[in-house]
Amino acid sequence: MSDQIIYLDGRYVTRAEAKISVFDHAVLYGDGVFEGIRLYGGNVFRLEEHLERLWDSAHAIMLDIPMSRQEMAEAVCETCRRNELKDGYVRLVVTRGEGDLGLSPNLCPKAGVFIIAAKIRLYPEEYYENGLPIITAPTRRLPPDAFSPRIKSLNYLNNIVAKINAINGKVLEALMLNQDGFVVEATGDNVFLVKKGELITPPTWLGPLKGVTRDAVMELAADEGIMVREEPFTLYEVYTADEAFLTGTAAEVIAVSSVDGRRIGDGKPGAITRRLLTRFREIVTEQGVRI
Ligand code: PXG
């Protein structure tokens, strides 16, 4: 997309002009936060929730976002409009800004903001029909007392190394465990199990990102009269689940067909997973902020 328009620090610029400094601490130290948001039929899905998480992430690392939430919401919509995008993906990034070398954020007087609106490639459709084989990554999820994985920061190397493990294992996704062997999430998705008609997902205190899609699926399940339990579980519960699926802005709801070579259920997307995916694809067109 050579004629793509990017929001950059209050201006709308071409892709070629959309450059940030090598002295931005986002580049030097991964110092910053981001959001990934979806646009469906001209509606931004759960924009308020994404902005709330962005502001919470920024607050946790003492990063002042140099605009109001209302201005940010407007910039997201305007970036979509300028790109004539109706269905796509919005990447919202707040960087610590430009500053001299050194870890101190005080070296950076003003945070940077950029917004990219683009198309996103989901997993190939065949995986939504047949389920996704995944593995467990040997890489443990960062413990919340080292750096809270609930902060959606520009430091994604913990997840990227796990993704490399997945790719090396010839699959597209990997589960990440915490130091006690409890399942936390996948590299860029939350995880759910179905057991005896109930949903189970790791509680947020264990460290998974509080996914916007996770929240939406929990609401949908409640509407459908499906009980949802937020409880820690191990790989044994995963291997013996009736169904398993992942949720995320990019992935939506995708069934897991096997984990570490163990077939999940009958190895095909289960009835509850399929129902939740159908309902999810309905609500994304019904809800959202009109650009
Ligand atoms: N866990 C992690 C670690 C994530 O990064 C999720 C769960 C799901 O959260 P949401 O709010 O999306 O339901 C994420 C989300 C990308 C990309 O560009 C990454 C995410 C979302 C969208 C795009 O790789 N991560």
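Everything numeric here is computed off the predicted structure, so don't read it as measured data. Read the numbers this way: they start at 1 and go in the same order the structure lists the ligands and their atoms.
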Enquirer: Looking only at distances, please establish whether an N/O atom of ligand 1 is found under 3.5 Å from an N/O atom of Y156.
Expert: yes
Enquirer: Only heavy atoms of R53, strictly under 4.0 Å: list the atoms of ligand 1 that pass.
Expert: 9 (O), 11 (O)
Enquirer: Between T247 and ligand 1, is there a nitrogen or oxygen pair with a distance under 3.5 Å?
Expert: no
Enquirer: Keeping the roles fixed (side chain from N83, backbone from I5), state whether a donor-acceptor pair exists under 3.5 Å.
Expert: yes
Enquirer: Which ligand 1 atoms are under 4.0 Å away from a heavy-atom of G211?
Expert: 9 (O), 10 (P), 11 (O), 13 (O)
Enquirer: Will you find, in the side chains of N158 and R140, an N or O donor that is under 3.5 Å from an N or O acceptor?
Expert: no
Enquirer: Check R82 with E78, please: is the shortest side-chain N to carboxylate O separation under 4.0 Å?
Expert: yes
Enquirer: For D242, is there an ion pair with K196 - N to carboxylate O distance below 4.0 angstrom?
Expert: no
Enquirer: Report yes or no: does E35 have a heavy atom closer than 4.0 Å to ligand 1?
Expert: no
Enquirer: Taking the six-membered ring for Trp, are F192 and F245 parallel (under 30°), tilted (30 to 60°) or perpendicular (over 60°)?
Expert: parallel
Enquirer: Considering distance alone, does some N or O of R214 sit under 3.5 Å from an N or O of ligand 1?
Expert: no
Enquirer: Any nitrogen or oxygen of H50, main chain or side chain, under 3.5 Å from a nitrogen or oxygen of ligand 1?
Expert: no
Enquirer: Mind checking salt bridge (Lys or Arg N to Asp or Glu O under 4.0 Å) for R274 and listing every partner two or more places apart, or none if nothing turns up?
Expert: none
Enquirer: Please work out which of P208, G188, A216, A186 has its closest non-hydrogen atom nearest to atom 6 (C) of ligand 1.
Expert: G188
Enquirer: At a 4.0 Å threshold, what atoms of ligand 1 neighbour a non-hydrogen atom of T213?
Expert: 10 (P), 13 (O)
Enquirer: Are any of the side-chain nitrogens in K195 or E198 under 4.0 Å away from the carboxylate oxygens of its partner?
Expert: no
Enquirer: Against heavy atoms of V212, which atoms of ligand 1 measure under 4.0 Å?
Expert: 10 (P), 11 (O), 13 (O)
Enquirer: Is there a donor-acceptor contact under 3.5 Å linking the side chains of T187 and E173?
Expert: yes
Enquirer: Nearest protein heavy-atom contact for atom 12 (O) of ligand 1: which residue, which atom, what distance?
Expert: T249 OG1, 2.5 Å
Enquirer: Would you say R91 touches ligand 1, if touching means a heavy atom closer than 4.0 Å?
Expert: yes
Enquirer: Which of these, E252, E219, E230, sits in a salt bridge (charged side-chain N to carboxylate O under 4.0 Å, His left out) with R214?
Expert: E230
Enquirer: Any atom of ligand 1 sitting under 4.0 Å from a heavy atom of T187?
Expert: yes
Enquirer: Do any N or O atoms from the side chain of T234 and from the backbone of F182 form a donor-acceptor pair under 3.5 angstrom?
Expert: no
Enquirer: With the threshold set at under 4.0 angstrom, would you say K152 reaches ligand 1 through any of its heavy atoms?
Expert: yes
Enquirer: To the nearest 0.1 Å, how far is atom 22 (C) of ligand 1 from its closest protein heavy atom, and which atom is that?
Expert: Y89 OH, 3.5 Å
